[in-house]
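First the structure, in the form of structure tokens, and then the observations on it.
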Amino acid sequence: MPTALVTGGAGFLGSHLCEYLLERGHRVICVDNLVTGSLANIEHIRDGGFTFVPHDVSEPLFVDEPIDFVYHFAALASPEDYLRMPLHSLKVGSYGTHHALGLAKFKRARFLTASTSEVYGDPQVHPQPETYWGHVNPIGPRGVYDEAKRYAEALTMAYHGQQGVDTAIVRIFNTYGPRMRPNDGRAVSNFVRQALAQEPLTIYGDGTQTRSFCYVEDLMRGIVLLAESGEHLPVNLGNPDERTVLELAELVKQLTGTSSEIVFEALPIDDPMQRKPDITRAQQLLGWEPEVPLEEGLSRILREQGREPITA
Ligand code: UDP
């Protein structure tokens with residue numbers, strides 16, 4: 001039975017990853033400082049192979065047992081959080097990644113770091129293949145997240161090249177699903193929360209900016225396929241079904257049947273205008289593609305909250 005350690009394991013993605021790994025027969029050590037993660041995300045996990053370790057991975061991490069996989073998911077992933085805690089964002093991307101890599105090296109474990117489509121910044125190449133170097137403003141408000149993740153990628157490749165650590169990098173595009181925090185400030189979380197409360201749906205800018213939303217279970221399948229492959233170079237995982245933010249808001253309105261109106265607010269600084277993953281590498285290397293359409297994934301979120309979606 002392999003053992004996986006998941007940093008950020010009590011967060012949105014981390015908790016789904018813990019569950020997915022347990023289902024696949026792994027033992028799982030979940031490490032989280034609970035700054036943005038929460039015990040509520042993992043309290044339903046009853047599996048005997050699951051352990052929770054409260055720890056901030058920006059501090060060194062020692063574990064007294066063999067580990068086969070280190071999944072490094074600790075981060076302040078939502079814009080609201082990293083704008084509020086910019087130094088924490090930089091620290092978890094730098095010191096945190098350093099400690100997680102050090103642990104993987106010591107344990108001779110396969111290491112997978114959760115990188116992001118934000119490494120492409122406000123992209124000038126569309127859709128974004130892994131070969132694109134990106135268009136990031138290092139000193140803008142998003143720089144504390146984007147550059148932390150870019151540094152984490154550089155550190156990961158250096159540990160691979162110089163220290164022989166068996167590493168993988170996944171560049172995760174916008175992902176949604178059950179257990180997103182209703183107040184995390186994300187488009188999907190906000191629109192669903194606002195629609196169910198009959199409050200206005202807040203579109204930032206004119207809503208013509210695009211994102212491509214991937215259902216969390218599709219992502220988990222891809223992540224574990226990547227971890228179990230021998231690939232070292234970055235791999236995009238995301239759903240190439242590109243939508244404007246206005247389309248997303250309209251869809252949430254339709255599925256919830258809300259009486260909420262749409263209001264337009266200021267676009268955040270450096271908000272990327274377009275984003276869509278080129279997933280050719282994931283298809284070729286892992287045989288992976290997302291399977292859950294946006295309408296279906298949003299419907300599952302609504303059902304999880306006890307609401308029956310209104311489908312066409
Ligand atoms: N957005 C919006 N209204 C909201 C929250 C977000 O219009 O209430 C926009 C945001 O400006 C961005 C897009 O939706 O253009 C996706 O934002 P999110 O925070 O979900 O993800 P990210 O910007 O990190 O891709």
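Just the heavy atoms: all of them, side chains too, but no hydrogens, waters or symmetry mates, feed the values below. One is the number of the first residue; the rest follow in order along the sequence. Whatever order the structure lists ligands and atoms in, that order sets their numbers, starting from 1.
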[X] side chain vs [Y] backbone, donor-acceptor pair below 3.5 Å:
X    : Y    : result
T210 : T244 : no
K91  : E59  : no
R142 : L83  : no
H99  : V57  : yes

Proximity of [X] to ligand 1 by residue part, where a heavy atom lies under 4.0 Å:
X    : value
R142 : side chain
E265 : neither
P79  : side chain
Q209 : side chain
A249 : neither

So which heavy atom in the protein is nearest [atom], and how far is it from that ligand atom?
atom                    : value
atom 21 (O) of ligand 1 : N174 ND2, 3.2 Å
atom 15 (O) of ligand 1 : D271 OD1, 2.6 Å
atom 8 (O) of ligand 1  : N190 ND2, 2.8 Å
atom 20 (O) of ligand 1 : A187 N, 2.8 Å
atom 19 (O) of ligand 1 : R186 CD, 3.4 Å
atom 1 (N) of ligand 1  : Y204 CD1, 3.4 Å

- Message: If you count every heavy atom of other residues, nucleotides or ligands that lies below 6.0 Å from Y95 atom OH, does the total exceed 12?
- Response: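 Result for OH/Y95: open.
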
- Message: Taking only non-hydrogen atoms of R275, do any sit less than 4.0 angstrom from ligand 1?
- Response: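 Right, R275 reaches ligand 1.
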
- Message: Suppose I only count heavy atoms of T202 and a 4.0 Å limit; which atoms of ligand 1 are within that range?
- Response: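 Those qualifying, in numeric order: 2 (C), 3 (N), 4 (C), 7 (O), 8 (O).
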
- Using a strict cut-off of 4.0 Å, indicate which atoms of ligand 1 neighbour a heavy atom of V245.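 Here the atoms of ligand 1 in question are 7 (O), 13 (C), 14 (O).
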
- Message: Just verifying a value: how many Å separate L294 CG and E247 CD, rounded to the nearest 0.5 Å?
- Response: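 Output value for this atom pair is 9.5 Å.
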
- Message: Within this structure, what is the CG-CZ distance for the pair N239 and F173, rounded to the nearest 0.5 Å?
- Response: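 Between atom CG of N239 and atom CZ of F173 there are 11.0 Å.
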
- Message: Can you confirm whether the side chains of R193 and N183 place a donor and an acceptor under 3.5 Å from each other?
- Response: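 There is such a pair (donor and acceptor under 3.5 Å, judged by atom type) between the side chains of R193 and N183.
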
- Message: With side chain to side chain donor-acceptor pair (under 3.5 Å) as the test, pick out the partner of Y120 among H126, E130, Q128, R171.
- Response: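 It is R171; the other options fail the test.
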
